[in-house]
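Here's the structure we're looking at; comments come further down.
Quick caveat, the model's predicted, so the values are computed rather than measured. Side chains are part of it too, since the values below use all heavy atoms of this structure and drop only hydrogens, waters and symmetry mates. For the single chain, residues carry numbers from 1 onward in sequence order.
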Amino acid sequence: AGRVRVKDAMYVPTEGEFIREDASLDEAIYLLAKGRHQSLLVVNDEGVSGILRLSDVFSIISKQIKKLGKLLDGFHLKGTVATDFKGRRVVVEGREVTYFGSAGYLGLDQNPRIQEACRRGLEKYGSHPGCSRAFSSTDNLFRLEEELADLVGAEAALVLINTSSSHMAAIPVLFGSPGTEIFIDAYGHASMSDAALNAQARGATIHTVDIEKSDELAETLGASRAETKALLIDGVYSMQGVCPDVAAIQTICDETDTTLYVDDAHGFGVLGEHGGGVAELFGLSYDNMIMVAGLAKAMSQGGGFIAAKRDVIDLIRFQGTPFIFAGPVLPHVVEAIREGVRLCRSEEGAVLRRRLREISIRVREEVAALGFEVGPGDSPIVPVLIGDDFSTLMAGYTLFEQGIYANSVAYPAVPAGKGIIRISLNAIHTDEDVDALISAFAVLKKEMGGQRFANTLRNLGKVAKAKLGDLF
């Protein structure tokens, strides 16, 4: 009945707290993630044989990656070193490739306007003001916050060092109290989940929901009697490249008195008439919404920001520890971001977004025509389904051999058995770059049915069956 012996006492663990010693690594990762546990009791027929911590899982994965790397000629396309950037021609691990792994969707890192703005900022402000924003900020940071708020249609904005810090500043402050219920979409970004765990430590309760099941979502939110409720979702999902119907979700939140919290890291700068992201695309209201976006994706710089009503921003400014106890976005980077905002609102920005959409549609159509299953939509994130983890790693390596770098993404970043090659398209990818990408996928299709691919996968399988019992 789920009872296990701990020395001379009997213990009845709650569901999700324990795992059999002969379970697979995949099962352990699933239970840890599903239950948001930091550890699990490992049990056998005799009782408790040990404790499995998240750090143990990371250690196993690290060892597996090293073994897989040796089988893939010592190279597994994780933790790579990139040098010599020339547009999207990049030297990765000593090999020149066309780079399809950058989330710099508009290619602003290579834009002369942005580079010149960065140089001007460095000359004017120096490299770093050397203090926390709680004490002082350069004047251009306040101007940037006003310009970002205007672009996304909010009353106010607050800039932090990155998107993850923005979540960690906002979620615990706004939703970290007893009686608060946080509902996180099952595919929401891990950085939101981390911040929610911080809020949970302060008394909040966490639930996982599926926003694609709108009727079920409305029923779940409506049934909650919590004094404060929040729904945490992505504006564009970083692995699927899909933008949910955020307007419909906001309506559900309105009707259930729930605050909508959107991570728009991959939509900001790309979606909307002027690049204002999902807020601009759907015409969303900030009456019951908080938006967080990144400045390291389409803006190709660094930092993140929170957009909301002014009283919400003021509260985070005075209570958000990542804002109070961290340094600012560097002032010359701020100047580059400000120029990026101006560019987004100009005709040049519109041209870049049109180009991005054009090649996004082309790549989806042509890769699908080769026989691959490709994610829908027209975003610059193009997921190509490969399958099991080892096929996915091998597929990424095969593309690399053809002079193409794209992210090979395996479990647990995606569901088990649903590994993908994630193509990240940029507006500065040329037609020739896209031609090379399609040609490389044509080679991959042939390789996946060939003997070399099959032999390598058999060898990989021999090192991939670690059992939890081996740890204890």
Side-chain angles (χ1 to χ4, degrees), residues 16 19-20 22-40 42 52-72 75-80 101 103 184-194 197 208-210 212 234 237-242 266 372-375 381-400 405-424 444 448 453-454 456-471:
I19 188 169
R20 293 286 304 178
D22 58 355
S24 69
L25 179 62
D26 282 356
E27 290 176 276
I29 294 173
Y30 175 77
L31 283 175
L32 287 165
K34 180 184 178 183
R36 303 185 190 280
H37 297 293
Q38 295 298 308
S39 62
L40 297 170
V42 181
L52 178 71
R53 299 177 179 84
L54 276 174
S55 57
D56 297 325
V57 173
F58 295 145
S59 176
I60 296 174
I61 292 173
S62 176
K63 290 175 183 176
Q64 280 189 306
I65 286 176
K66 288 178 181 178
K67 290 179 181 178
L68 297 178
K70 289 179 181 178
L71 288 171
L72 292 176
F75 189 57
H76 48 76
L77 299 178
K78 303 296 178 185
T80 59
I184 309 178
D185 181 52
Y187 291 98
H189 198 271
S191 59
M192 284 196 300
S193 295
D194 286 345
L197 287 172
T208 301
V209 295
D210 185 350
E212 291 185 356
D234 283 11
Y237 286 86
S238 60
M239 295 301 160
Q240 296 87 359
V242 173
H266 292 271
F372 289 98
E373 183 177 332
V374 182
I381 301 170
V382 183
V384 181
L385 181 65
I386 301 298
D388 64 82
D389 293 353
F390 315 117
S391 295
T392 302
L393 286 174
M394 189 63 186
Y397 187 65
T398 301
L399 292 173
F400 186 75
Y405 178 88
N407 300 126
S408 48
V409 185
Y411 183 78
V414 291
K418 300 288 186 180
I420 62 171
I421 297 296
R422 181 179 65 174
I423 304 167
S424 296
L444 173 60
M448 287 179 71
F453 208 90
T456 303
L457 291 179
R458 273 196 295 272
N459 289 332
L460 291 172
K462 293 177 183 178
V463 301
K465 302 300 181 183
K467 296 291 184 181
L468 297 184
D470 297 339
L471 290 173

Taking the side chain as C-beta and beyond, is there a heavy-atom pair between [X] and [Y] under 4.5 Å?
{"X": "F372", "Y": "I386", "value": "yes"}
{"X": "V384", "Y": "I423", "value": "yes"}
{"X": "I381", "Y": "R422", "value": "yes"}
{"X": "D234", "Y": "M192", "value": "yes"}

Legend entry - Distance-only polar pair, side chains of D210 and Y187, donor-acceptor under 3.5 Å: no
Which atom names give the shortest non-hydrogen contact between [X] and [Y], and what distance separates them?
{"X": "D185", "Y": "Y237", "value": "OD2-OH, 2.8 Å"}
{"X": "S424", "Y": "G101", "value": "CB-C, 4.2 Å"}
{"X": "M239", "Y": "A413", "value": "CG-O, 3.9 Å"}
{"X": "A186", "Y": "T208", "value": "CA-CG2, 3.7 Å"}
{"X": "T392", "Y": "G387", "value": "OG1-O, 3.6 Å"}

Legend entry - Interatomic distance, T398 atom OG1 to M448 atom CE [nearest 0.5 angstrom]: 8.5 Å
Inset, instruction - Working to the nearest 0.5 Å, report the span between CG of L444 and OH of Y397. - result: 14.0 Å
Legend entry - Contacts of S191 that satisfy side-chain hydrogen bond (donor to acceptor under 3.5 Å, both in side chains) - sequence neighbours left out: H189
Legend entry - Trace of the side chain to side chain contact (heavy atoms under 4.5 Å, CB included) decision for V209 with I184: CA-CA 6 Å; V209 295; I184 309 178; over 6 Å; no
Inset, instruction - Could you tell me whether a side-chain N or O of N407 sits under 3.5 Å from a main-chain N or O of V409, the two making a donor and an acceptor? - result: no
